[in-house]
Amino acid sequence: MEKVRAFIKENDWEKIGVVAYYGYFAVNILMKAFCYDHGDQVYKVFFAFGMSFLALKIITTKYTLREVIWAAIIAGVGLALAIITKQNTWLLLFATIIGMKNCKFDTLIRIAVYIRVISLGVLVLGSYAGFFDIGYKTKPDTRYVEVPIYDFGMKEPNTAFLAVFLTLTLLLYYNYKKLNKWWFLGTSAVALFFYEFTFCRTGIAVFFFCWALIIFEKCVKDKKIKFVLALSIPVGALFSLVMMLFYNAGNPLMKLINHFVTGRIYIMNGYYIDQGISLFPRVQEYFYASYHGLIDNTYMFVLLYCGVIVAVFFFALVCMTLFKLYQRGCYKELVMIAGMALYGLLEQFIMNAFMNPFILLCGILLYPGLLDKSDTVQE
């Protein structure tokens, strides 16, 4: 017992907790990089290890009263949503943010970069070598000609390109100050190469949109003009809401937009007409009564499933984060968030902190030192 007491007293448990948090983050990034989800047994085992790391971090961290109050609020919201909607995304996101105290965002990104690059290489090369199912199938192109597509062991071709997009995005952020025409040509070549094998039009469009934002941010010197970067999520949410509420198939413009997003607006409008909008979260079974398809729009998914109160609360936190980043001159962070904001019009994954680490920047509202640079940071 004396040795145990001595061990407890002699160790810096807060630093051990920080290391445990990085382990928690790495485990979850690894699972997502190999495209495992909650239904896979491998994921369940690694997730259990990861959660033990997170628990160690939280119990070894000294929180202020203000941090405890806010942690209790967002944890309560996350738990309520997990129970009602039967989805753990919110609870996991809020728990991840609560555990971020004393951690550095640049370290999290460095971890994500190495894991994503190595994992993508293993899956792609392993698929060519026959270790993983390359996932051959065909899909009609824009001229309705069947073309071969592959998923490289990632279950779906769109998922494969998303993995490439996330890897490239992290690399661009990690090396932001070094970006030049050679980075543009190199990353574009990689993106176009995988586009040829996956035919993911959404992903390739968002990738070049990200580069357009990067060029805009680097060329524009006026801070006031760069404020538009802080409007990405409010604009995306407002656009989605207007399209859902007022969609009319007889309107040529709306019909064209719906065609470009492969019927997503029609699906959202169908749920709105049948179920309306609630102030409070609703159980998933409520939407099965009149099933129209997946709500592949993060903004309206939050509104329809979680209700007006939670949606307003969440978007208020996100907007506060955007404006704080703008005030601090964190333009490269705003660029990456804006790219993800566009993807949010077309997918739900941006709520997952291990698919989209940039959502963790909301942590600066609790921990202002989150973006402080470590001595070894590479910008």
Side-chain angles (χ1 to χ4, degrees), residues 32 35 37-39 81 85-90 92-93 139-140 142 149 151 154-166 169 195 198-207 209-210 232-247 249 254-277 281-282 284-307 310-311 314-315 318 337-356 358-359:
K32 289 303 177 183
C35 300
D37 57 34
H38 62 276
L81 289 173
T85 67
K86 297 181 181 179
Q87 294 189 342
N88 295 324
T89 303
W90 287 86
L92 190 59
L93 170 62
K139 178 180 180 180
T142 53
I149 55 176
D151 62 32
M154 294 179 245
K155 300 179 181 178
E156 290 291 337
N158 284 354
T159 304
F161 191 89
L162 178 58
V164 174
F165 171 83
L166 294 174
T169 302
Y195 172 71
T198 61
F199 202 60
C200 179
R201 289 169 288 186
T202 298
I204 197 70
V206 179
F207 171 77
F209 175 73
C210 285
S232 57
I233 290 179
V235 169
L238 181 61
F239 173 80
S240 300
L241 180 63
V242 170
M243 288 293 103
M244 182 183 74
L245 295 180
F246 302 107
Y247 175 69
M254 286 189 172
K255 183 177 180 180
L256 180 63
I257 294 173
N258 183 61
H259 173 72
F260 281 142
V261 297
T262 58
R264 287 172 170 84
I265 298 174
Y266 170 80
I267 291 173
M268 295 187 302
N269 179 255
Y271 280 116
Y272 167 68
I273 292 174
D274 290 345
Q275 278 93 15
I277 298 175
R282 294 181 284 190
Q284 281 189 341
E285 287 79 5
Y286 188 83
F287 292 87
Y288 297 157
S290 178
Y291 185 73
H292 297 279
L294 294 176
I295 305 175
D296 276 334
N297 178 295
T298 299
Y299 310 105
M300 294 304 99
F301 175 80
V302 172
L303 178 62
L304 289 170
Y305 270 78
C306 302
V310 172
F314 177 70
F315 287 122
V318 171
I337 291 173
M340 294 297 177
L342 178 59
Y343 231 131
L345 293 172
L346 307 164
E347 300 287 350
Q348 294 180 14
F349 79 88
I350 65 169
M351 290 293 297
N352 189 309
F354 310 111
M355 299 284 284
N356 171 29
F358 301 106
I359 198 172

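- Phe239 is linked by a side-chain contact (heavy atoms from CB on, under 4.5 Å) to Met243, Ile257, Leu345, counting only residues two or more places apart in sequence or in another chain.
- Evaluation of the side-chain hydrogen bond (donor to acceptor under 3.5 Å, both in side chains) test over residues 340-355, restricted to residues two or more places apart or in two chains, returns none.
- Here the straight-line distance linking atom CZ of Phe315 with atom CG of Leu303 works out to 7.5 Å at 0.5 Å rounding.
- Every residue two or more places apart in sequence or in another chain was checked for a salt bridge (Lys or Arg N to Asp or Glu O under 4.0 Å) with Lys255, and none qualifies.
- Scanning for side-chain contact (heavy atoms from CB on, under 4.5 Å) contacts around Asn88 gives Ala82, with sequence neighbours left out.
- For the atom pair Ile277 CD1 and Leu241 CG, the distance stands at 6.0 Å (nearest 0.5 Å).
- Nearest heavy-atom pair, Met300 versus Ile295, reported as atom, atom and distance to 0.1 Å: C-CG2, 4.3 Å.
- Using modelled atom types, no side-chain atom of Asp151 and backbone atom of Ala160 make a donor-acceptor pair closer than 3.5 Å.
- Remark: the His292 side chain and the Asp274 side chain contain an N/O donor-acceptor pair separated by less than 3.5 Å.
- For Leu238, the side-chain contact (heavy atoms from CB on, under 4.5 Å) criterion is met by Val242, not counting sequence neighbours.
- For the side-chain contact (heavy atoms from CB on, under 4.5 Å) test with Asn258, the passing option among Ile265, Asn269, Ile267 is Ile265; the others fail.
- For the atom pair OH of Tyr195 and CD1 of Ile149, the computed distance is 11.0 Å after rounding to the nearest 0.5 Å.
- Considering all non-hydrogen atoms of both residues, Val310 and Pro281 come closest at CG2-CG, 4.1 Å.
- Pairing each heavy atom of Val261 with each of Arg264, the nearest pair is O-NH1, 2.9 Å.
- The environment of Tyr271 atom OH is dense: over 12 non-hydrogen atoms of other residues, nucleotides or ligands sit within 6.0 angstrom.
- Ring-centre distance between Phe161 and Phe165: not below the 6.0 Å cut-off.
- Leu93 and Met351 get closest at one heavy-atom pair: CD2-O, 3.9 Å.
- The nearest pair of heavy atoms linking Met268 to Met244 is O-CG, 3.5 Å.
- For Arg282 (side chain) and Gly307 (main-chain N/O), no donor-acceptor pair under 3.5 Å exists by modelled atom type.
- Residues Cys306 and Phe301 form no side-chain contact, since every pair of their non-hydrogen atoms from C-beta on lies 4.5 Å or further apart.
- Taken from CD1 in Ile337 to CD1 in Ile359, the straight-line distance is 9.0 Å, to the nearest 0.5 Å.
- A heavy-atom distance below 4.5 Å is found between the side chains of Met340 and Thr169.
- In this structure, CD1 in Ile273 is found 10.0 Å from OH in Tyr247, a value given to the nearest 0.5 Å.
- In this structure, the side chains of Tyr305 and Leu81 stay at 4.5 Å or more apart for every pair of heavy atoms.
- Remark: Asn297 pairs with Ser240 by the side-chain hydrogen bond (donor to acceptor under 3.5 Å, both in side chains) rule, at least two apart or across chains.
- Annotation: the span from Cys200 atom SG to Glu156 atom CD amounts to 11.0 Å, rounded to 0.5 Å.
- Nearest heavy-atom pair across Ile233 and Ala341 is CG1-CB, 3.8 Å.
- Annotation: side chain of Ile350 is not in contact with side chain of Phe358 (no heavy-atom distance under 4.5 Å).
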